[in-house]
Amino acid sequence: YNDNGNVRKIAHRLSFAEMMVPYRDHCEDHYRRTAFDIGEWGLGFMTTSLALGCDCLGEIRYLDATLHDSKGEPYDIANAICIHEEDNAVLWKHVDHHAGAEVRRMRRLTVSFHVTVANYEYLTYWRFYEDGNIECEVRATGIMVVSHFPEGGSHPHGTLVDERTYAPFHQHFIVARMDLDVDGENNTVYRSETQMVPTGPDNPYGLSLRQVNTPLRTESEGKQDPDYATQRSWKVVNDNVKTGIGVSPAYKLVASANVPAMFDPASPILDRCRAIEHTLWVTPNDREERWPAGEFVNQGGGGMGLPAWTAANRSIENTDVVLWYTFGIHHITRPEDWPIMPADTVSFWLKPFGFFDRNPSLDVAPTPAKSSSCCSTESDGVAAGSGCPQEEK
């Protein structure tokens with residue numbers, strides 16, 4: 001982030017490291033159907049070419065990708081990655097009784113790629129905002145896997161979507177690998193939780209809340225799960241630096257789209273990818289540790305990857321940390337998902353927390369009143385309330 005001429009690092013590498021899709025139906029059709037869309041298939045190899053006016057709109061730059069086939073021969077995917085800037089409604093606004101309104105439109109830089117994994121499409125978007133926020137969004141669409149059942153039969157592990165046809169329940173677990181370097185490599189991850197202050201002489205109305213930040217010092221402490229009661233989140237902090245107001249700069253992982261594993265601990269399916277047992281794992285950075293379920297999931301056994309690495313219980317304090325964040329979709333299938341599934345959207349955020357001394361987007365210029373139809377009036381040839389020129393509506 002270019003902070004008034006001071007270029008400050010936030011992350012070294014943000015990526016997806018594994019995607020596990022277990023079908024939660026033990027019938028003959030599905031009991032073996034647990035796809036590892038990265039470890040077995042490889043998202044890169046299934047990336048599809050993007051086309052102007054279809055997948056991306058606006059001011060666009062495309063990047064091609066060169067990969068290798070099963071014989072090691074190179075091949076190209078044209079327009080594999082789309083980089084574009086887009087409007088995203090209001091960035092900030094205030095209406096003053098005397099001075100009137102100040103409004104700034106939000107612009108975001110989006111880096112996206114799409115993959116087709118057999119029947120499913122996954123559309124991935126990394127979005128970078130003017131206020132320092134980073135959003136990761138995934139949209140799942142495509143065609144659901146279905147099974148038939150005999151006349152008068154039942155389908156307890158799925159939803160009826162057509163005549164004697166059901167779509168089994170399943171889950172999409174995505175493990176994001178995030179090598180964050182907040183103002184430098186040496187960071188510490190803190191568990192951040194809100195606590196109620198007991199009612200008493202200093203809090204007579206039972207109103208006050210306090211925030212408790214606990215450093216995670218070892219890999220065993222770095223195995224974390226959400227807590228709705230305390231609105232738990234995690235902050236990656238550089239304790240070696242102080243900002244202009246005297247606090248340590250940090251980025252906060254705003255956990256969302258959490259999916260519980262919902263497996264018996266003894267399940268052999270779970271044992272193939274125990275990374276999904278926790279929402280967050282924190283490890284010291286190691287270039288060889290890139291695949292949370294093991295490097296060869298279709299050839300190895302259970303307990304590979306994160307469980308094996310973290311058994312050493314290494315220090316994760318004031319070092320180059322990697323966050324492994326599990327999120328995804330708990331897909332209780334619907335008739336409305338058939339035959340083509342409308343996009344199911346999930347996301348999470350990385351947000352600056354004390355990284356800046358104030359709102360860093362104060363310098364965003366106002367939009368000239370007549371530069372876009374959204375700020376025009378009916379006298380400018382725009383249908384009142386539509387926000388669209390008459391001839392384009």
- Sorted by first residue and then second, give each salt bridge (Lys or Arg N to Asp or Glu O under 4.0 Å) pair with at least one member in residues 319-340; sequence neighbours left out. R334-D337

- Walk me through it: do E288 and W309 pass the test side chain to side chain contact (heavy atoms under 4.5 Å, CB included)? CA-CA 10 Å; E288 301 301 318; W309 305 333; over 6 Å; no

- Task: Working to the nearest 0.5 Å, report the span between CD1 of I316 and CG of N187.
- Result: 11.5 Å

- Task: Can you see which heavy atom on L160 is nearest to which on P335, and at what distance?
- Result: O-CG, 3.6 Å

- Query: Just how far is it from atom CG of N285 to atom CG of L180, taken to the nearest 0.5 Å?
  - Reply: 10.5 Å

- Item | Aromatic ring pairing H155/Y166, orientation class (parallel under 30°, perpendicular over 60°, tilted between) | parallel

- Can you measure from CG (L63) to CG (L50) and round to the nearest 0.5 angstrom? 10.5 Å

- Task: Quick one: pull up CG in L216 and CG in L280 and give me the separation to the nearest 0.5 Å.
- Result: 8.0 Å

- Message: Do T66 and D76 pair up side chain to side chain, a donor and an acceptor below 3.5 Å, judged on atom types alone?
- Response: yes

- Item | Close side-chain approach of P22 and F173, heavy atoms under 4.5 Å | yes

- Task: Give the ring-plane orientation class for H170 versus Y23, where under 30° counts as parallel, over 60° as perpendicular and anything between as tilted.
- Result: parallel

- Task: Determine which pairs satisfy side chain to side chain donor-acceptor pair (under 3.5 Å) with at least one residue from residues 249-270, sequence neighbours left out, and list them in order.
- Result: N258-Y325

- Message: Could you measure the distance from the CG atom of D181 to the NZ atom of K9? Nearest 0.5 Å is fine.
- Response: 4.5 Å

- Write down the atom of I10, the atom of Y1, and the distance for their closest heavy-atom approach. CD1-CB, 4.1 Å

- Message: Whether the side chain of T47 engages the backbone of G44 through a donor-acceptor N/O pair (distance < 3.5 Å, no angle test) should be reported.
- Response: yes

- Would you list the pairs meeting ring pair (Phe, Tyr, Trp, His ring centres under 6.0 Å) in which at least one residue belongs to residues 253-296, sequence neighbours left out? H278-W281

- With the side chain counted from C-beta on, respond yes when S248 and K242 share a heavy-atom pair under 4.5 Å apart, and no when they do not. yes

- Task: For S233 and L253, work out which heavy atoms get closest and say how close.
- Result: CB-O, 3.7 Å

- Query: Is a donor on one side and an acceptor on the other found under 3.5 Å between the side chain of N119 and the backbone of I143?
  - Reply: yes

- Sort and list the pairs that fulfil salt bridge (Lys or Arg N to Asp or Glu O under 4.0 Å) and have at least one residue in residues 190-201, not counting sequence neighbours. R191-E193, E193-R232

- Pairwise salt bridge (Lys or Arg N to Asp or Glu O under 4.0 Å) hits with a residue in residues 310-319, at least two apart: R217-E317, E219-R314, E289-R314

- Query: Can you tell if the side chain of D55 reaches within under 4.5 Å of the side chain of N79, non-hydrogen atoms only?
  - Reply: no

- Any donor-acceptor N/O pair, T279 side chain to T326 backbone, under 3.5 Å: no

- Message: Please enumerate all residues that pass salt bridge (charged side-chain N to carboxylate O under 4.0 Å, His left out) together with E59, with sequence neighbours excluded.
- Response: R61

- Task: Mind checking salt bridge (charged side-chain N to carboxylate O under 4.0 Å, His left out) for D37 and listing every partner two or more places apart, or none if nothing turns up?
- Result: none

- Are side-chain heavy atoms of V111 and F128 found at a separation under 4.5 Å? yes

- Message: So, using disulfide bond (SG atoms under 2.5 Å apart) as the criterion, who are the partners of C136 when residues are at least two apart?
- Response: none

- Message: Between E277 (side chain only) and A261 (backbone N and O only), is there a donor and an acceptor less than 3.5 Å apart?
- Response: no

- Residues two or more places apart in sequence or in another chain: which of them pass salt bridge (charged side-chain N to carboxylate O under 4.0 Å, His left out) with R24? none

- Message: Quick check: do F169 and T333 have side-chain heavy atoms less than 4.5 Å from each other?
- Response: yes

- Which heavy atom of V189 sits nearest a heavy atom of W234, and at what distance? CG1-CB, 4.2 Å

- Item | All pairs passing disulfide bond (SG atoms under 2.5 Å apart) where residues 250-348 contributes a residue, at least two apart | none

- Can you tell which of R105, R127, R107 makes a salt bridge (charged side-chain N to carboxylate O under 4.0 Å, His left out) with E86? R127

- Item | Side-chain donor/acceptor of N88 to backbone N/O of R108, under 3.5 Å | no

- Sole residue of I329, T124, T345, L123 in side chain to side chain contact (heavy atoms under 4.5 Å, CB included) with V138: T124

- Message: Check this for me: R13, atom CZ, are more than 12 non-hydrogen atoms of other residues, nucleotides or ligands nearer than 6.0 Å?
- Response: no

- Item | N240 vs N318, side-chain hydrogen bond (donor to acceptor under 3.5 Å, both in side chains): CA-CA, chis, key distance, verdict | CA-CA 8 Å; N240 309 289; N318 196 30; 2.9 Å; yes

- Say whether, by atom type as modelled, one donor and one acceptor occur between the side chain of N238 and the main chain of V182 under 3.5 angstrom. yes

- Message: If we ignore hydrogens and angles and just use 3.5 Å, is the side chain of T165 paired with the main-chain N or O of V161 as donor and acceptor?
- Response: no

- Query: Do S15 and R177 touch side chain to side chain, with heavy atoms closer than 4.5 Å?
  - Reply: yes

- Would a 4.5 Å heavy-atom cut-off, applied to side chains only, mark M106 and V90 as touching? no

- T34 versus M20: any side-chain heavy-atom pair under 4.5 Å? yes

- Report yes or no: do I81 and Y125 belong to one cluster of Ile/Leu/Val/Met/Phe/Trp/Tyr joined by side chain heavy-atom distances under 4.5 Å? no

- Do other residues, nucleotides or ligands put more than 12 heavy atoms under 6.0 Å from the CH2 atom of W338? yes

- How many angstroms lie between NE2 in H172 and CE in M19, if you round to the nearest 0.5 Å? 9.0 Å

- Message: Can a donor-acceptor pair be found, under 3.5 Å and without considering hydrogens, that links the side chain of N313 to the backbone of S220?
- Response: yes

- Query: R33 side chain to V145 main-chain N or O, any donor-acceptor pair under 3.5 Å?
  - Reply: no

- According to the salt bridge (Lys or Arg N to Asp or Glu O under 4.0 Å) rule, which pairs have a member within residues 62-75, sequence neighbours left out? none

- Task: Could you walk me through whether S147 and H30 pass side chain to side chain contact (heavy atoms under 4.5 Å, CB included), step by step?
- Result: CA-CA 9 Å; S147 284; H30 301 295; 2.6 Å; yes

- Heavy-atom nearest pair, E121 first then G142, reads OE1-CA, 3.3 Å

- Item | Selection residues 63-107 - residue pairs positive for ring pair (Phe, Tyr, Trp, His ring centres under 6.0 Å), sequence neighbours left out | F45-H68

- Message: Does F353 have more than 12 heavy atoms from other residues, nucleotides or ligands lying within 6.0 Å of its CZ?
- Response: no

- Query: Which atom pair, heavy atoms only, marks the closest approach of N133 to P352?
  - Reply: OD1-CD, 3.2 Å

- Is a side-chain N or O of S49 found less than 3.5 angstrom from the main chain of A78, in a donor-acceptor match? yes

